[in-house]
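As the structure is a computational prediction, the values presented were derived from the model and not from experiment. Quick note: residue numbers are just sequence positions, from 1.
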Amino acid sequence: MKKLMLGNEAVARGAYEAGVRVAVAYPGTPSTEITENMAKFSKEEVYCEWAPNEKVALEVAIGASMGGARALCCMKHVGVNVAADPLFTAAYTGVRGGLVVVAADDPGMHSSQNEQDSRFYARSAHIPMLEPADSAECREFTRRAFEISEKYDTPVFLRLVTRIAHARSLVEEGEREETALPPYEKDARKFVMMPGYAKGRHVAVEAREKRLEAEIDSLGLNRVEMADTKIGVVCSGSAYQYVKEALPNASVLKLGMVYPLPEALIRDFAGKVEQLLVVEELEPYFEDAIKAMGIPCSGKDKTGLQGELFVRKVGRLFGGEEDAGPMETPEVPQRPPVLCPGCPHRAVFYVLKKMNLTVAADIGCYTLGAMPPLNAVDSVVCMGASIGMALGLEKARGRDFAKHTVAVIGDSTFVHSGITGLVDVVYNQGNSTVIIVDNSTTGMTGHQPNPTTGQNVRGEIAPQLDVVKLCQAIGVPSVRVVDPFDMKLFEQVLREECGKDGPSVVIARRPCALLIKKKGEPCTIDAEVCRRCGMCLRIGCPALVKAGDGSVSIDASLCTGCGLCKEMCNFGAIKGGER
């Protein structure tokens with residue numbers, strides 16, 4: 001039966017059909033829906049979990065593979081950085097049950113802090129990498145990846161990009177392949193990576209890679225589509241779709257396996273065309289490798305290193321078509337992201353700006369505290385960096401500076417990689433004030449549960465991490481919980497905690513507005529009482545609308561009735577807002 005599927009959904013389907021027993025991930029756009037779809041299968045067939053971070057997720061998957069089960073581990077491109085430590089060594093140990101690692105890249109940075117190209121991880125770790133070009137290939141390549149993993153005793157990467165992960169195309173479903181667990185046996189030389197054994201496994205990695213290179217054509221993952229021989233294009237994944245539409249007469253070498261590369265096939269294809277082009281997003285990964293083979297080619301001189309490709313852009317750069325202009329429709333105004341109406345983070349950043357504090361923030365919805373009119377955030381680097389950066393600012397500029405500096409981190413991000421930063425603050429006698437904005441979910445990626453929410457990936461009741469007790473156990477002398485919508489109290493607590501010597505934690509606890517199914521009564525503005533002072537606009541709520549004459553109204557379709565704007569108004573002009 002054929003179904004229309006997201007690329008991510010098709011990966012989940014392929015993993016299920018391959019007989020995967022364990023699926024582990026940390027949510028990260030554009031990879032999140034893979035694990036959400038895996039959780040829809042019977043838990044008797046597939047164990048599925050959200051791990052605290054990508055490193056732990058991969059370690060669980062490696063353990064499952066060592067136990068003989070097929071295991072899937074999913075993450076976005078920057079999550080591969082977090083998982084890199086076990087990843088590189090897993091390339092040495094190899095597998096028992098097939099082990100597939102999905103790395104979802106984000107060209108154009110739709111929801112990411114960089115445009116990292118995961119293909120270099122495959123080359124650096126000597127791990128084969130497959131890259132599908134549509135949902136049907138997402139299913140097929142996932143199944144093939146498990147076969148390759150077990151045949152060559154190696155983890156296998158499956159690389160997606162946003163336009164493949166989040167696009168829909170037809171997929172023909174197959175039956176699940178049940179694989180029996182082999183008897184468990186100790187094998188220290190294979191799985192204990194002390195130097196003496198690791199040296200032998202490194203030799204095995206080199207032998208495996210040579211075998212894979214010699215047999216690569218037999219895998220059937222790369223294909224040549226000959227047409228006009230004036231131009232030949234090497235491409236993969238989403239770029240293949242753009243090339244086929246923009247340059248329909250060009251000959252194409254479509255690479256389904258992007259590491260290792262099929263050198264003999266590339267040489268043969270290059271010899272059949274007059275001009276060899278390479279069309280790829282992000283880094284010149286293919287182009288540099290082909291040039292290193294001594295084969296003339298070009299592509300990056302036209303496409304550059306930044307952003308996504310799309311059909312019109314490929315047609316203009318390589319087909320001589322007229323400039324298509326920006327991908328967006330020019331008549332439609334740009335809409336920068338904003339915190340949702342009723343978002344608890346809005347009050348936090350309003351107070352931080354009012355207090356003129358230096359704010360080291362983190363990855364999550366609260367990153368938007370950097371946007372106007374709040375403009376409260378000084379830095380965002382990576383998951384968990386806020387706490388360490390706040391300590392670094394203190395060590396560089398002294399304790400007086402620390403009294404005007406805070407770290408802001410979400411509940412899920414704190415569990416992901418903030419706990420060790422807080423340990424560092426306590427251990428090295430820092431003076432940092434850490435604000436954990438606890439909105440009871442993993443908000444940015446679509447409301448996945450985490451260890452602080454008391455639910456697992458299937459929505460079942462699970463042990464709930466007590467963040468207050470955790471911070472106290474680490475050794476933080478002062479841990480306080482406050483509702484950030486009580487802005488006067490929140491400001492008072494912050495002034496007290498920032499003024500203390502030693503570390504402190506303030507947990508700003510209020511649920512994400514999108515978790516509350518029933519809206520409160522929308523707020524309204526009494527035009528006769530309103531002084532048009534603009535104070536209510538300073539919180540940046542999208543439900544507040546300023547007219548050309550300076551008057552302010554409230555869009556009832558957006559207002560959640562949180563009442564935060566009422567607290568801003570000194571004249572009592574805002575009514576309603578009862579939750």
Side-chain angles (χ1 to χ4, degrees), residues 14-25 35 38 41-49 51-75 80 83-102 121-122 125-130 141-158 175-215 218-219 259-260:
Y16 171 76
E17 292 178 11
V20 162
R21 291 174 181 260
V22 176
V24 199
T35 309
M38 290 300 300
F41 297 116
S42 164
K43 60 183 176 183
E44 285 72 29
E45 294 177 301
V46 183
Y47 168 79
C48 193
E49 74 167 53
N53 63 30
E54 295 86 355
K55 179 178 184 290
V56 173
L58 183 54
E59 289 160 350
V60 172
I62 292 169
S65 170
M66 187 176 76
R70 287 187 168 182
L72 178 73
C73 185
C74 308
M75 60 198 71
V80 184
D85 191 0
L87 175 71
F88 275 69
T89 303
Y92 278 34
T93 66
V95 304
R96 279 200 179 112
L99 174 60
V100 174
V101 180
V102 179
Y121 266 111
H126 298 277
I127 293 175
M129 176 177 274
L130 312 186
F141 281 21
T142 303
R143 294 193 63 156
R144 295 296 307 281
F146 282 102
E147 295 169 4
I148 292 168
S149 176
E150 292 174 353
K151 180 177 180 180
Y152 293 95
D153 188 19
T154 178
V156 175
F157 268 121
L158 184 75
E175 297 298 321
R176 178 171 170 84
E177 174 189 350
E178 295 295 348
T179 55
L181 288 178
Y184 181 79
E185 297 178 358
K186 285 183 178 293
D187 189 347
R189 289 187 176 276
K190 179 173 172 59
F191 288 108
V192 179
M193 287 301 95
M194 64 177 71
Y197 293 164
K199 290 174 183 177
R201 291 303 303 175
H202 194 182
V203 173
V205 169
E206 290 187 43
R208 172 185 78 207
E209 194 160 63
K210 289 178 180 177
R211 179 188 167 204
L212 187 57
E213 289 171 352
E215 299 174 1
S218 67
L219 298 176
Y259 184 82

Residues passing the side-chain hydrogen bond (donor to acceptor under 3.5 Å, both in side chains) test with Arg144, sequence neighbours excluded, are Glu147
Which atom of Ala51 lies closest to which atom of Val24, heavy atoms considered: CB-CG1, 4.0 Å
For Glu178, check side chain to side chain contact (heavy atoms under 4.5 Å, CB included) against everything at least two apart and list the hits. Glu45, Arg176
Residues that Tyr121 engages under ring-ring contact (aromatic ring centres under 6.0 Å, His included), provided they are two or more places apart: none
With side chains defined as the heavy atoms from C-beta onward, is the minimum distance between Val205 and Arg208 less than 4.5 Å? yes
Separation between CD (Glu175) and OH (Tyr16), nearest 0.5 Å, reads 8.0 Å
Closest non-hydrogen atoms of Ser65 and Gly97, given as atom of the first, atom of the second and distance, are OG-O, 2.6 Å
Could you tell me which residues satisfy salt bridge (charged side-chain N to carboxylate O under 4.0 Å, His left out) with Lys151, sequence neighbours excluded, listed by chain and number? none
Considering residues at least two apart in sequence or located in another chain, which fulfil the side chain to side chain contact (heavy atoms under 4.5 Å, CB included) criterion with Thr142? Val11, Ala15, Phe146, Leu158
With sequence neighbours excluded, residues passing salt bridge (charged side-chain N to carboxylate O under 4.0 Å, His left out) with Glu150: Arg70
Among residues at least two apart in sequence or on other chains, which ones pass side chain to side chain contact (heavy atoms under 4.5 Å, CB included) with Glu17? Arg13, Arg139, Arg143, Glu173
Quick one: are Met75 and Val80 in side-chain contact, heavy atoms under 4.5 Å? yes
Under the rule for side chain to side chain contact (heavy atoms under 4.5 Å, CB included), what residues qualify as partners of Tyr47, not counting sequence neighbours? Val22, Glu49
Student check: side-chain heavy atoms of Lys43 and Cys48 closer than 4.5 Å: no
Minimum heavy-atom distance between Gly67 and Leu181, given as atom pair plus value: O-CD2, 3.9 Å
Whether Tyr259 and His126 hold their rings parallel, tilted or perpendicular, with breakpoints at 30° and 60°: perpendicular
Between Leu87 and Phe157, is there a side-chain heavy-atom distance shorter than 4.5 Å? yes
If every non-hydrogen atom of Thr93 is compared with every non-hydrogen atom of Ala90, which pair is closest and at what distance? OG1-O, 3.2 Å
Quick one: salt bridge (charged side-chain N to carboxylate O under 4.0 Å, His left out) partners of Asp153, sequence neighbours excluded? Lys190, Arg201
Could you grab the distance from atom CG of Asp187 to atom CD of Glu185, nearest 0.5 Å is fine? 8.0 Å
Using salt bridge (charged side-chain N to carboxylate O under 4.0 Å, His left out) as the criterion, list what pairs up with Glu215, not counting sequence neighbours. Arg211
I'd like to check the ring-ring contact (aromatic ring centres under 6.0 Å, His included) partners of Phe191; sequence neighbours left out, ordered by chain and number. none
Do Val101 and Ile127 make a side-chain contact, defined as non-hydrogen atoms from C-beta onward lying under 4.5 Å apart? no
Considering residues at least two apart in sequence or located in another chain, which fulfil the ring-ring contact (aromatic ring centres under 6.0 Å, His included) criterion with Tyr152? none
